[in-house]
Amino acid sequence: MSSGAGDEPDAGRRGVLKLGIGALGVGLAAVPVVPAIGYLLFPTGSKAGERAFLPAGKRSALAGAVPVRVDLYADKVDAWNKTPDVKLGSCWVLERDGALQAFSTVCPHLGCAVDYDAESQKFKCPCHRSAFGLDGAVEAGPSPRPLDSLEVKEENGLVAIRLVRYRQGVADKEPV
Ligand code: FES
């Protein structure tokens, strides 16, 4: 045990040492967080898939009034890796009045996957029984808004769809 003025430099060194160890700890902790944040941001982050038009297939395969479920893929890119063809989401595509229309499969209520029921010709959510017409309008259940329509682009017989995610549980279509 020691005390007195001679200990003050030791106390100072100990303080500096503690600060250094603390800073090292923060630095080490940050290493796994960086890719984790990148992954959380994906697919809505800027690296891949962010509101981008993604390939949806041939126009001829999507013709007709019966909705077709289309999965949308893009390459995932982060600071270290590029993973090709990662599924980012899905949508329902159908032809109405000669034009393609796409709806997100994510239910606007709480985000369950919306199915298509061929018998009733309605989109139905199995979670709380929201039902939507072929135009996406709410026909039953708690969904606060219609199905979220997605932008469709056609070029040289190919179709691309802009994948956007919208806030759930609110009446307005707010991108997130
Ligand atoms: S999540 Fe679809 S009705 Fe609730």
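What you see below is based on every heavy atom in this structure, not just the backbone, and it leaves out hydrogens, waters and symmetry mates. Both counts, for ligands and for their atoms, begin at 1 and track the order of listing. Since the model is a prediction, treat every value here as computed from it, not as a measurement.
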Exercise answer: donor-acceptor pairs, residues 168-176 side-chain atoms, under 3.5 Å, sequence neighbours excluded:
{"unit_1": "Lys173", "atom_1": "NZ", "unit_2": "Ser149", "atom_2": "O", "d": "2.9"}
{"unit_1": "Lys173", "atom_1": "NZ", "unit_2": "Ser149", "atom_2": "OG", "d": "3.1"}
{"unit_1": "Glu174", "atom_1": "OE1", "unit_2": "Arg167", "atom_2": "NE", "d": "2.8"}

Show the atom names and distances, to 0.1 Å, of all donor-acceptor pairs under 3.5 Å that link a side chain in residues 65-73 to residues at least two apart or in another chain.
{"unit_1": "Arg69", "atom_1": "NH2", "unit_2": "Ser90", "atom_2": "OG", "d": "3.2"}
{"unit_1": "Asp71", "atom_1": "OD1", "unit_2": "Ser90", "atom_2": "OG", "d": "2.6"}

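Side chain of Asp78 to main chain of Trp80: a donor-acceptor pair is present (N/O by atom type, distance under 3.5 Å, no hydrogens or angles). Looking at Trp92, its side chain does come within 3.5 Å of a backbone N or O of Val114 through a donor-acceptor pair.
Here 2 is the count of protein N, O or S atoms positioned under 2.8 Å from atom 2 (Fe) of ligand 1, waters not counted.
Atom-to-atom distance recorded for Phe132:CZ and Cys107:SG is 4.0 Å, nearest 0.5 angstrom.
Here Glu139 pairs with Lys122 under the side-chain contact (heavy atoms from CB on, under 4.5 Å) rule; sequence neighbours left out.
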